[in-house]
Amino acid sequence: MYDFSYHRPASLEDAAGLFGKADDPVFMAGGMTLIPTLKQRLASPSDVIDLAGVGDDLSGIAVDGGTITVGAMTCHAEVAGSGLVHEAIPALAALAGRIGDTHVRNRGTIGGSLANNDPAADYPAAVLGLNATVRTARREIAADDYFKGMFETALEDDEIITAVSFPAPECAAYMKFDHPASRYAIVGVFVAKTGDGVRVAVTGAGTCVFRQGDMEAALAKDFSASAIEGIEVSEDRLNRDLFASPEYRAHLIGVMARRAVEAASA
Amino acid sequence: MPTVSMTVNGKAVSAEVENRTLLVYFLRESLGLTGTHIGCDTSQCGACVVHVNGSAVKACTMLAVQAEGADVATIEGLATNGDLHPMQEAFRENHGLQCGFCTPGMVMAAVDMANRHDELDEKTVRAELSGNFCRCTGYHNIVLSILAGAKAMKGA
Amino acid sequence: MTETGIGASVRRKEDKRFLTGLGNYIDDINVDGQTYAYFARSPHARAKINGIDKETALSMPGVVAVLTGPDWVADGLGLLVCGWMIHSKDGSEMNQPVRTPLATQSVQFVGEPVAAVIAETLEQARDAAEALAIDYEPLPSVTDLRTAVGPDAPQIHECAPGNLCYEWEIGDKAATDAAFEAADRVVSIDLVNNRLVPNPMEPRAALARFDPATDEITLHTTSQAPHVVRLVMAAFLNIAPEHKLRVISPDVGGGFGVKIATYPEEAVCTWACRKIGRPIKWTADRSQAFLGDSHGRDHVSHAELALDKDSIFLGMRVKTLANLGGYISAFGSAVPTYMYATLLAGQYRTPAIYAEVDGVFTNTSPVDAYRGAGRPEASYLIERLVEVAAREIGIDPAELRRKNFISPDAFPHETAVGVSYDSGNYEGSLSMVLDMADRAGFEKRREEAKGRGKLRGFGISAYIEACGVAPSKIAGALGAGVGLYESAEIRFNATGSVTVFTGCHSHGQGLETTYAQIVSDLLGVPLENIDVVFGDTGRVQMGMGTYGSRSLAVGGSALVKAADKIIDKCRKIAAHVLEAAEEDLEYEGGKFTVAGTDRGITVPELAFAAYVPHNYPLEELEPGLDEMAYYDPINYTFPAGTHVCEVEVDPDTGEVEIANFVAVDDFGRVINPMIVAGQVHGGIVQGLGQAMLEECRYDAESGQLVSGSFMDYAMPRADDAPSFEVALQETLCPHNPLGVKGCGEAGAIAAPAAIINAITDAIGVRHLDMPATPEKVWAAIRGAGAQGTQAAE
């Protein structure tokens with residue numbers, strides 16, 4: 001690891017101020033991606049601004065009407081174990097409980113995961129699938145506007161996620177096919193049915209989480225696994241790695257989507 | 001260099017570190033607590049698992065400065081007055097270790113697991129262990145150890 | 001059987017320190033004035049080194065020294081050697097490229113050490129290593145076996161035309177050809193034995209220091225064989241004379257073969273600590289371990305089996321390409337030859353076998369022993385071939401095996417590939433395992449699974465291995481550069497407690513317990529009064545270390561020999577003390593009794609008499625009670641057994657679940673069944689890793705290691721594996737005093753074929769190369785994937 005200056009501001013204003021003054025700063029939430037990156041010497045920020053000290057503004061899980069709002073610094077284990085989340089959106093709790101491993105879930109946060117936007121991360125599927133709103137210190141960003149590409153989001157460099165609001169669906173489920181080595185998603189499909197229709201969000205398969213429009217349309221008419229049985233997913237632009245070809249990923253999107261529909265309907 | 005202060009195994013400790021010093025190096029090098037091991041550099045193997053404020057974390061993926069003011073528990077603090085903790089005893093009784101290198105992380109993960117679950121079964125134990133690698137035991141006896149250790153902890 | 005003696009599942013003596021965080025691994029040790037080494041490694045698969053500019057690196061904060069290959073050569077030091085000479089078919093010696101620990105003129109694989117940077121802190125050393133200006137001229141490279149022997153392959157070493165190290169053969173070609181001529185049926189298979197990275201959880205490490213007062217260097221190193229490291233460093237690398245070099249391997253976190261060789265990093269630290277006058281510590285991180293450790297397996301084979309009309313095996317022909325990597329590692333030449341092809345008879349009578357093995361250089365990390373070392377490759381090949389034969393003939397795979405097993409009364413059995421099996425009961429272990437696994441109920445389970453949309457399959461793997469390496473005379477005749485005996489010393493203290501010294505090394509095997517059990521049993525000393533010392537050339541007599549499941553068969557036999565000497569001497573002392581004739585003394589469980597009386601004396605009491613010899617036959621006997629023995633076996637031991645696996649495949653995704661895995665092993669006499677079961681479990685999961693998860697992959701174009709971390713190399717986790725049912729059969733080894741055979745590698749040898757046989761049975765395909773990843777299984781089910789297709793090609 002290259003050395004850096006370390007800051008632990010107590011407020012969002014202080015965090016923004018520190019960011020503005022530094023040469024090449026980076027925000028750190030749980031550090032579950034940043035620290036491994038620094039250890040491999042793949043990044044050399046001048047300043048690491050740890051958001052753990054910001055406290056109340058960024059933490060906690062709250063329900064307001066039909067919406068669950070999760071503070072950005074809430075760790076995965078807390079979401080996975082939250083009674084509120086289990087009650088309102090069980091699929092979200094289940095998804096959080098499948099991220100990384102036990103120890104990673106005790107440190108990794110929803111805000112950090114979304115700011116990083118790893119193409120194989122789990123949370124982007126939930127945010128896009130549930131049509132969540134990403135809240136920052138300065139604005140609200142709709143899920144459809146948030147994810148821009150591989151490790152790219154709508155966030156400005158100095159913009160900090162404060163919370164994510166998930167409207168509770170009628171039903172939802174997430175199905176993940178694990179990468180055997182990294183345990184990231186080779187394919188993860190989040191299916192949610194709401195009063196406004198059906199959303200199908202796919203992570204792991206492409207360069208960035210995306211919606212599977214043809215499946216959404218078919219499911220809107222008939223929310224059953226058989227409704228999407230015949231849909232051929234194109235392998236164009238899907239990822240290739242040591243364990244899965246684009247062809248296989250395209251196939252898995254269909255399998256995981258059908259299973260998610262079945263689980264959501266159950 | 002900044003000074004960090006925290007409580008480790010019930011004792012207040014303090015030392016100068018670099019900002020880039022990982023918690024695991026602070027424990028091993030500054031405090032001489034070498035029971036916490038390093039088996040990978042991708043935050044996966046779990047040889048470095050310790051408890052920070054009561055939760056199991058990977059000490060290789062946390063800066064020492066992030067643990068400022070925290071309450072840290074390592075494998076060295078588990079036995080009391082030379083008597084093995086029930087989980088340690090269960091690993092010994094069930095041959096849940098061979099070379100011993102992954103063992104401290106396994107035991108710390110196991111204690112955390114037992115603390116969080118009223119009852120454990122094999123499937124849960126295996127799923128919960130996905131962040132702890134062992135190359136020797138094939139996990140069979142580790143699973144038995146944890147099931148027995150968790151039971152003993154409830155009984156204690 | 002006593003509660004702590006031979007046959008008892010004694011809880012391990014070594015566990016307490018490991019469980020309380022007090023294990024003593026090398027990275028846990030720090031010494032005053034210690035510096036840190038970091039190795040600059042080749043980023044290229046193959047390149048010429050035009051020059052290295054040290055200036056910038058030397059001027060960086062904390063840098064103590066920068067050392068390169070030319071520095072090594074200038075100091076008159078030697079070459080990394082291969083310990084086993086292989087001769088080609090034409091009688092010529094294998095082609096051996098020279099290798100210095102730090103590359104001099106060229107590099108042959110990504111990760112090859114080029115320079116050592118030594119600094120006050122590890123991060124400073126790493127910073128400076130990055131700043132080192134190394135002028136590389138990249139050259140075309142080849143990492144794939146078949147490509148490397150092709151006509152257009154870059155030629156890696158001038159001394160090795162066609163990238164061939166050797167073209168070796170074993171067996172009677174003419175007799176085998178005749179057997180195929182006479183055959184009613186020939187079955188063949190082409191298969192790949194996938195390349196693996198051993199990955200013991202403790203990465204390799206070294207701590208070297210020089211004491212100018214004694215002119216002695218002490219090296220702490222993560223070795224399975226510290227005396228061999230000392231021998232190599234003294235005799236071949238010329239770093240220090242043997243008596244001025246102490247090698248200590250304290251607690252070592254797993255070995256699996258990867259910690260046998262003497263490696264560049266350890267050699268450089270040992271040399272450099274005297275040069276800079278400071279202790280040097282080096283610990284690999286996992287990324288360096290992936291690059292710098294030797295790898296395992298990596299064969300491509302074609303095999304044929306000739307059968308008569310009654311399905312009796314008449315002959316077998318095998319042609320194997322074995323990847324040796326960029327250089328020949330310590331035992332890299334022997335693993336795919338004498339450790340492999342000598343086992344190609346398996347458990348079968350096959351009267352004629354002919355095998356050819358080409359050792360091939362590629363621009364990859366050197367390949368050496370990994371759990372089983374050659375024997376898993378042989379067993380996998382045989383058991384896949386036999387399975388395919390059974391399916392083609394339409395005979396029950398168990399029945400085909402039974403028809404061809406060497407029968408229990410036919411031992412010793414000379415195979416067609418030059419070894420003599422000591423004893424065995426193959427039919428017994430097969431029948432036992434099929435009962436335990438309820439094979440009779442399998443079809444019903446298959447039907448039931450079908451109802452759930454799952455494909456269920458059953459796989460058998462009847463394996464053999466050769467353990468207890470090795471009779472020195474045989475090894476020497478076959479090209480080994482060292483002897484392969486083992487030593488033991490039993491040193492009584494005056495108060496009756498015992499320190500045992502062994503030249504073997506325990507890095508997970510539990511020798512501190514097993515050896516103590518043997519001594520306790522033979523000499524009547526309570527277990528808690530016995531300590532076992534190993535892994536320190538300064539404390540322990542010469543020894544050859546632990547690998548090839550030899551610690552009990554060879555090291556344990558040495559221990560029995562030493563115990564016999566103790567008993568012999570004690571008998572004389574007892575006769576004196578008890579005023580009886582030696583022949584009137586009866587010995588049992590550590591006590592001599594005068595026959596027909598209640599007068600007796602124990603061995604611990606005799607130890608006191610020997611060290612305080614007031615009443616002692618000094619005219620005939622030396623005082624003291626301390627005996628040493630060396631043991632060199634007359635043959636290998638041949639453990640065997642049968643593992644079976646039942647799988648369920650999800651045809652939608654290709655995911656495989658192991659529904660049941662049962663192992664019956666015959667290791668001869670078992671000293672500690674608990675420890676033995678643990679060895680089997682661990683071996684099976686390494687076999688499962690090979691069969692389903694693990695694959696070391698290089699990029700064909702760039703020669704980069706693509707599976708270079710746990711993010712891309714799939715290590716088996718707890719939720720990848722099932723629990724196992726394991727049982728033992730005991731057919732004693734007739735030629736060593738304990739009747740033991742060895743158990744360390746069985747699981748890794750047996751499991752891959754059991755699993756692949758089960759998967760191919762489930763999905764109805766002839767063959768599927770390892771690892772059987774979900775995509776490969778899915779593609780095979782769809783019939784879309786040709787055999788051996790890789791996901792990422």
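Just so you know, these numbers come straight off a predicted model, no measurement behind them. Every chain is numbered from 1 and lettered A, B, ... according to where its sequence line falls, protein lines coming before strand lines.
- Chain A forms the most heavy-atom pairs under 4.5 Å with one residue out of Leu129(B), Leu22(B), Thr42(B), Val52(B), and that residue is Leu22(B).
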- request: In sequence, state the C-alpha distance, the side-chain angles, and the governing distance for Met28(A) and Gln66(B), and then conclude on side chain to side chain contact (heavy atoms under 4.5 Å, CB included).
  value: CA-CA 10 Å; Met28(A) 177 165 70; Gln66(B) 284 179 287; 3.3 Å; yes
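- For Val65(B), the parts sitting under 4.5 Å from any heavy atom of chain A are the backbone and the side chain alike.
- Note on ring orientation: taking the six-membered ring where Trp is involved, the planes of Phe27(A) and Phe19(A) are parallel (angle under 30°, cut-offs 30° and 60°).
- When each of Leu38(A), Asp101(A), Leu34(A) is checked for heavy-atom pairs under 4.5 Å with chain B, Asp101(A) comes out on top.
- With a 4.5 angstrom heavy-atom cutoff, Arg105(A) does not touch chain B via any of its atoms.
- By the 4.0 Å N-to-carboxylate-O rule, Arg92(B) lies close enough to Glu89(B) to be salt-bridged with it.
- Under 3.5 Å, the side chains of Thr80(B) and Asp83(B) contain no donor-acceptor pair of N or O atoms.
- Cation-pi geometry between Arg41(A) and Tyr2(A) is met: the NZ or CZ atom falls under 6.0 Å from the ring centre, inside 45° of the normal.
- For a residue to count as touching a neighbouring chain, one of its non-hydrogen atoms must lie under 4.5 Å from one of that chain's; by this rule Ala77(A) does not touch chain B.
- Heavy-atom pairs under 4.5 Å with chain B peak, among Val48(A), Thr37(A), Asp50(A), at Asp50(A).
- When each of Gln44(B), Met113(B), Glu68(B) is scored by its heavy-atom pairs under 4.5 Å with chain A, the top score falls to Gln44(B).
- A salt bridge is defined here as a Lys NZ or Arg NE, NH1 or NH2 lying under 4.0 Å from an Asp or Glu carboxylate O, and Glu128(B) with Arg116(B) meets this definition.
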